[in-house]
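Take a look at the structure below.
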Number of protein chains: 2
Amino acid sequence: MSSVGLERDYVQSLSRGLTVLQAFNADRPAMTLADMSRATGLTRATARRLLLTLVALGFVCTDGRTFELTPRVLDLGFAYVSSLQLPDIAQPFMEALSDRVHESVSASVLDGAEIVYVARVNTQRIMGISLAIGSRLPAAWTSMGRVLLAGLNDDQLDTFLDGLVMTELTSQSITDVAVLRTEIHAVRSQGYAFIDQELEEGIRSVAAPLHDRRGRTLAAVNVGTHAARVTLKELRGTILPDLLATARNIESQLAKR
Amino acid sequence: MSSVGLERDYVQSLSRGLTVLQAFNADRPAMTLADMSRATGLTRATARRLLLTLVALGFVCTDGRTFELTPRVLDLGFAYVSSLQLPDIAQPFMEALSDRVHESVSASVLDGAEIVYVARVNTQRIMGISLAIGSRLPAAWTSMGRVLLAGLNDDQLDTFLDGLVMTELTSQSITDVAVLRTEIHAVRSQGYAFIDQELEEGIRSVAAPLHDRRGRTLAAVNVGTHAARVTLKELRGTILPDLLATARNIESQLAKR
DNA sequence: CCGCAAATGTTCGCATTGCGCACACTCGTG
DNA sequence: CACGAGTGTGCGCAATGCGAACATTTGCGG
């Protein structure tokens, strides 16, 4: 999948409208016209027209002074999840796996330098990170990210690594490009990836790829644990085989679509 | 919150662009220009410009023939959840409650005639319905919907009931407007709502309102169970008090913001 | 309380941006 | 291979969206 864009085929009004929609966040849940104008760099008149359009469409509401998002905006986001098909198919398998291993199970896809969660079965076990559908984490330091990166071809992987900003998230994090490349090549041949406290102290996980009918990696599924609770040995010996079997089951269901 | 809209202040291009974005779904995960033109009623030239703009913005990708949504679209949806603040605050309380009662706990808000899930703690208990953030259910036949409707003023409730299409989802469903109004008034005075197999056979739940500082109902929180597992007596006697206490705790945290 | 300046919200003339018609290209069938 | 149907695209033009300027509101100081 590549990107295409030409100036004459670019609808500035749509772009500006989406900029307005994305200006709302946790720090600015409600905004006046002038707030929005400052936040987006658009003139007040333009911000007003776009906000009033979003109000008319039901994505934003107003008391006549401030504007806020409505729950209808969630429908925009969930068009992606519903168009993906994977979450519905994978959910029952992931729930069964989580039942057996008593840990959280997640599925994600690769988006740029990040993984994006598209399905999740959570346990109420203490975990440092709170994750939900739509959550993003850096691909390079997550088990699912390693599996997804292993599914890229060499050109794509080179491009990814060229643009990667090495970050030391924990003392265990890989911070050398060559080491990371070697690790991803190892994941490619073994068919799964472990992360041991590279993303966050105390967090340990294992991931497997989900392939489509043509053998391309389209998503990853993982089991996330806490290092104080599950040893690497248990992760490798007990959980990994179950995870790999679950991934194969999901794939065969996907192949029927 | 009310809606405002004037023709001169309506940006047709933004509206059309969002129509294109919403045309993707489970039945049409990938579309050609011509598919999109048919799905939206826009000319092929217009559909092309809008799709190419969405590609340039990263919300849609293309192989040169078909167009598909990218995970970036999820960010649009999650602007709402992150701007709401409630999910982050409520999640730990909901997890603790779910741990104690061993059932699913959810929070939702009212959007038109539906509730929309904004937070959820799931157990791997057998439930007929698969729910996630963004999921929608009819307000009139859900415990959280009843609680949210009880928080409307009389004019708002009249408007809601006037527009409601009575539906018999199960043999237990309320199908008479007067009965439903009486039930909502009862919920208003008692401060919680039960649903007993009105939404789906076998599903039983209890919900409590979450109020803001001014006492307005801004969301609802509930415990969902299976009728085969939890009697009404248990729901009322054991789970409801815990739920009400949890709602109060969440409210006092919200009041600090 | 009043005056004034700053900030915010809105109208409308106009030109630029987005539109769709018509052409170019591709695909499928006889 | 020819032809018709279907699909994708370029470009002239006017409709749509723009922002300058005006109207209204707010906040501060005397």
Side-chain angles (χ1 to χ4, degrees), chain A residues 1-25 27-70 83, chain B residues 1-25 27-70 83:
Chain A
M1 288 293 183
S2 62
S3 299
V4 184
L6 292 174
E7 295 236 315
R8 191 156 191 155
D9 299 317
Y10 189 79
V11 181
Q12 182 176 231
S13 301
L14 172 57
S15 171
R16 286 174 162 183
L18 291 172
T19 297
V20 165
L21 206 41
Q22 288 172 96
F24 293 98
N25 59 40
D27 298 322
R28 287 175 304 205
M31 290 198 262
T32 62
L33 272 189
D35 291 336
M36 180 59 76
S37 171
R38 274 188 299 266
T40 56
L42 299 170
T43 64
R44 299 194 306 277
T46 297
R48 178 171 177 271
R49 273 196 305 281
L50 297 173
L51 280 167
L52 291 180
T53 301
L54 292 170
V55 167
L57 294 174
F59 295 111
V60 169
C61 60
T62 179
D63 59 5
R65 183 175 169 274
T66 60
F67 297 84
E68 299 179 11
L69 295 177
T70 71
S83 74
Chain B
M1 289 292 183
S2 60
S3 300
V4 182
L6 291 175
E7 294 236 315
R8 192 156 188 154
D9 299 316
Y10 189 80
V11 181
Q12 182 178 230
S13 301
L14 173 57
S15 170
R16 284 175 161 182
L18 291 171
T19 297
V20 165
L21 206 40
Q22 289 173 96
F24 293 98
N25 60 38
D27 298 322
R28 287 175 304 206
M31 289 197 261
T32 62
L33 270 191
D35 290 337
M36 179 59 78
S37 172
R38 276 188 300 265
T40 56
L42 300 169
T43 64
R44 300 195 307 277
T46 298
R48 179 172 177 269
R49 274 194 304 278
L50 296 171
L51 280 167
L52 291 179
T53 301
L54 292 169
V55 167
L57 295 174
F59 294 113
V60 169
C61 61
T62 180
D63 58 6
R65 183 176 169 273
T66 61
F67 296 84
E68 299 178 12
L69 295 176
T70 71
S83 73

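Below, read A as the first sequence line, B as the second, and so on, with proteins coming before strands; counting in each chain starts at 1.
- Between A:Leu18 and B:Phe59 the shortest side-chain heavy-atom distance falls below 4.5 Å.
- The two atoms that bring B:Thr62 and B:Gly64 nearest to each other are OG1-N, 2.9 Å, heavy atoms only.
- In this structure, OH of B:Tyr10 is placed 21 Å from C1' of C:dC12, rounded to the nearest angstrom.
- Using a 4.5 Å cut-off on side-chain heavy atoms (C-beta onward), B:Leu69 and B:Leu21 make contact.
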N/O-N/O pairs, protein side and nucleotides 24-28 of chain D side, under 3.5 Å:
none

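- To the nearest 0.5 Å, atoms CG (B:Leu57) and CD (A:Gln22) are separated by 8.0 Å.
- Listed for the A:Thr53 side chain is a donor-acceptor partner under 3.5 Å among the backbone atoms of A:Arg49.
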Pairs: protein N or O with nucleotides 24-29 of chain C N or O, under 3.5 Å:
none

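- Atom pair A:Asp9:CG and D:dG8:C1' shows a separation of 11 Å (rounding to whole Å applied).
- Here C:dT8 presents its P atom at 17 Å from CG of A:Leu52, a figure rounded to the nearest Å.
- Rounding to whole angstrom units, CG of residue B:Leu42 and P of D:dT7 are separated by 16 Å.
- For A:Arg38 and C:dA7, the CZ to P distance is 9 Å, given to the nearest whole Å.
- Residues B:Val20 and B:Leu42 form a side-chain contact, since some pair of their non-hydrogen atoms from C-beta on lies under 4.5 Å apart.
- Looking only at distances, a side-chain donor or acceptor of B:Thr70 sits under 3.5 Å from a matching main-chain atom of B:Gly58.
- Rounding to whole angstrom units, CG of residue B:Leu50 and P of C:dT17 are separated by 16 Å.
- Contacts with DNA chain C (heavy atom under 4.0 Å) in residues 28-36 of chain A: A:Thr32, A:Leu33, A:Ala34, listed by number.
- Sorted by first then second residue, the side-chain hydrogen bond (donor to acceptor under 3.5 Å, both in side chains) pairs that include residues 11-20 of chain A, not counting sequence neighbours, are A:Tyr10-A:Ser15.
- For A:Arg48 and C:dT11, the shortest distance from a side-chain N or O to OP1 or OP2 is below 4.0 Å.
- Interatomic distance, CG of B:Leu51 versus CD of B:Glu68, reported as 12.0 Å (0.5 Å rounding).
- For DNA chain D, the neighbouring residues in residues 11-21 of chain B, judged by any heavy atom under 4.0 Å, are B:Val11, B:Gln12, B:Ser13.
- For A:Arg49 against D:dG19, a side-chain N or O and a base N or O form a donor-acceptor pair under 3.5 Å.
- By the side-chain hydrogen bond (donor to acceptor under 3.5 Å, both in side chains) test, B:Arg38 pairs with B:Asp35, sequence neighbours left out.
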